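Encoded as structure tokens, the structure appears first; notes follow it.
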Amino acid sequence: MASTYPPLAKGAHVDSMDKYKSMYERSMKDPEGFWGDFAADFHWNKKWDTGDDFHKYNFDLDKGGIHVSWFNGAETNVSYNCLDRHVKAGDGDRVCFFWEGNDEGVESVTTYKQLLDQVCQIANFMKSQGVGKGDEVTIYMPMIPELPATMLACARLGVVFSVVFAGFSAESLAGRISDSSPKMVVTCSAVKRGAKHIELKKIVDEALAILDGEEQVHVPRVLVYDHKASGVAREAIHASLVEGRDVWWQDVIGDQPTECEVEWVGAEDPLFKLYTSGSTGKPKGVVHTTAGYMLGSAATFKYVFDYKPEDVYWCTADCGWITGHSYVTFGPLLMGAKQVLFEGVPTYPTAGRCWEAVDKYNVTIFYTAPTAIRTLMACGDEHVTKHKRTSLRILGTVGEPINPEAWRWYHEVVGNSKAAIVDTWWQTETGAHMITPLPGATPVKPGSATLPFFGVEPALLDDKGNEVEGVGQGYLVIKRPWPSMMRTVANDHHRFEQTYFSGYKGYFFTGDAARRDEDGYFWILGRVDDVINVSGHRIGTAEVESALVGHHVCAEAAVVPVDHPIKGQAIYAFVTLMNGFEYPPEESVRKELVAQVRKAIGPIATPDVIHWAPGLPKTRSGKIMRRVLRKIASNEEDQLGDISTLADPGVVQVLIGLRGK
Ligand code: 6R9
């Protein structure tokens, strides 16, 4: 059995397993009391209905459509709770952001009052452009304070925002804009990420040009922040500004009034949508609503990170992902936290960057992904030990399973064996942490996300859909709704029902498999659908395949995950070329195919390997046997299993012969 580490956070909000258990029990038996008590710290323009009206749901497709609602009847505003509430309480001078730019020495400090003023100015500009409640705004920005500020400006007006990670390509951005019909796109001149310059405004121009032909998309207003620290001068971009469409942020925001009434919205009004890859088709817009998401992100922030007002918190995630929504913008600001906002990458200019910043700001809570931990681990301990890091008390991880070796390095080297590790399992769909230790209560085992958070009831199902009791493994499902769960897929409620509720009646299906051990601890085994987890980012195999066949030389493609020492998983593509090509073709063909994927999706989807495949292993009904491809990709052809059902078993030997060609 894995060794356990006792809980380390002294004087924690939840300081024993008994306390965890009693709070968990209450959250199960009396959700209204549990969440209602937590909600009392927030501002409500109108209180929620009580009793049977408080919370409603149906999880069973046999009993009608899937629907979930919490805090029915209530009115609130997330932006008000993140900002006005603290300023009114006299905390306006408290720091919200220590912004640490990509290049060392480029930095700024923002207080809650300053952020509130800026958010009001952005909101007032949006209003002046006719953007209001129920409208949509797409945000394509780097990690500068203006990014969370724009999210909060939208929330203030009841505008549904969609942040697109500023590493996605023009085509990806175009797809998301087309699905949203935003009234405004907010972007930035350029960004420097590590040593690379990326001209974001140019990418927005390209995306809008792609959409030019699409009649249903009206041309949004484009607000462009002039990011001087990117090294790209305003003058270099200025000529690209389209009259009547594009406007410089610096020309219009500063003159706006610093007060802006909030729009009170209903508990179930949408707050944002965030696109994420699924196993089929295009990315789906996961929709989160107001009250449940607000309480879920705040409660997990408080309990999982054992947040206290004296803490300095730092999450390295980008706001383009759900982690940056819940644990950069919302959770921390809702709780009034001081946090480091980081624009750069952990290895630039050196592998010591994070630990230097930890000492500079006396960071107490640090939250990152296993892929970053493994990258830094490979760079050598000296980059860590050079810095003191004595302020650190909680270290979090998220995005993919963490291997015990990386877990121990994080604990022993980064945390000096003194900080508690919280391995937090959750998803874009869940909005907030679902299975996670609490640092003052849960004894941890390296590699296990341990036990469910309050209000979360996970279960494991076998192939037949029966619950696995006790020790065992199976498909990870959730048995009842929790406040911060997604409510629908944008413009496609049917897809929501089919993706998450049609496989196992009465359960929300996560797409992951997990194992439960003798202590009831969960060990996440990874995705069981066609989603590859590259450096903690979800990439659908279908998306990569469709990008590849989008190139005229490619007749067919099949993409599978393969283990990777740093990224966790990497993308491995089998490609069949059009008739007339010889195998292997000229090297330029491979380069073009890789470029095609980067263009269609973005650099994060770059295949590590293109394996030439004159034929793919298919069943007689024409289904590609991915199981066989996975084994070939991982060099395990001695474990191919039964291949007698293949239409042409001979293709397997041909594929093995083309490895590395
Ligand atoms: C928050 C986030 C969700 C998928 C999820 C799972 C994997 C996330 C994990 C983890 C093992 C953890 N995942 N956290 N696997 N241990 N602590 O990452 O959301 O981008 O939607 O990805 O990531 O496979 O299903 P998202």
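Read the numbers this way: they start at 1 and go in the same order the structure lists the ligands and their atoms. If you're wondering where the values come from, they're calculated on a predicted model, not measured in any experiment.
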Polar-atom distance check: Asp423 versus ligand 1, any N or O pair below 3.5 Å?
yes
Tell me if the aromatic rings of His433 and Phe305 count as close, with their centers under 6.0 Å from one another.
yes
Below 4.0 Å from ligand 1: does a non-hydrogen atom of Gly399 turn up there or not?
yes
List the closest protein heavy-atom neighbour of atom 25 (O) of ligand 1: residue, atom name, distance to the nearest 0.1 Å.
Asp512 OD2, 2.6 Å
Nearest non-hydrogen protein atom, atom 3 (C) of ligand 1
Trp426 O, 3.6 Å
Among all protein heavy atoms in this structure, tell me which lies nearest to atom 11 (C) of ligand 1, with the distance rounded to 0.1 Å.
Pro401 N, 3.1 Å
Distance filter under 4.0 Å to Ile322 heavy atoms, resulting ligand 1 atoms
1 (C), 19 (O)
Have a look at His433, Arg527, Glu400 and point out the one with the heavy atom closest to atom 12 (C) of ligand 1.
Glu400
Reference residue Tyr313; test ring pair (Phe, Tyr, Trp, His ring centres under 6.0 Å); the match among Phe366, Tyr367, Phe301, Tyr307:
Phe301
Under 3.5 Å between some N or O of ligand 1 and some N or O of Thr510?
no
Ligand 1 versus Thr323: contacting region, heavy-atom distance under 4.0 Å:
side chain
Salt bridge flag under 4.0 Å for residues Asp517 and Lys445
yes
Run the numbers for me: atoms of ligand 1, each under 4.0 Å from some heavy atom of Asn533, listed by number.
7 (C), 23 (O)
Closest approach of any protein heavy atom to atom 22 (O) of ligand 1, naming residue and atom
Arg538 CD, 3.2 Å
Worked check of side-chain contact (heavy atoms from CB on, under 4.5 Å) between Lys505 and Phe59:
CA-CA 8 Å; Lys505 294 286 155 58; Phe59 256 24; over 6 Å; no
What heavy-atom pair brings Pro439 and Asp306 nearest, and what distance separates the two atoms?
CG-CB, 3.7 Å
Verify side chain to side chain donor-acceptor pair (under 3.5 Å) between Thr290 and Asp269, making sure each step is shown before the conclusion.
CA-CA 6 Å; Thr290 298; Asp269 279 345; 6.0 Å; no
Which pair of heavy atoms, one from Ala432 and one from Ser297, lies closest together, and at what distance?
CB-N, 4.2 Å
Search all heavy atoms of Phe522 against all heavy atoms of Ser448 and return the closest pair with its distance.
O-OG, 2.7 Å
So if I count the atoms of ligand 1 from 1 in the order they appear, which ones are less than 4.0 Å from some heavy atom of Thr424?
9 (C), 12 (C), 14 (N), 17 (N)
Heavy-atom closest pair (Ala547 atom, Val597 atom, distance to 0.1 Å) is CB-CA, 4.1 Å
Which bit of Thr428 is near ligand 1, meaning a heavy atom under 4.0 Å away: side chain, backbone, both or neither?
both
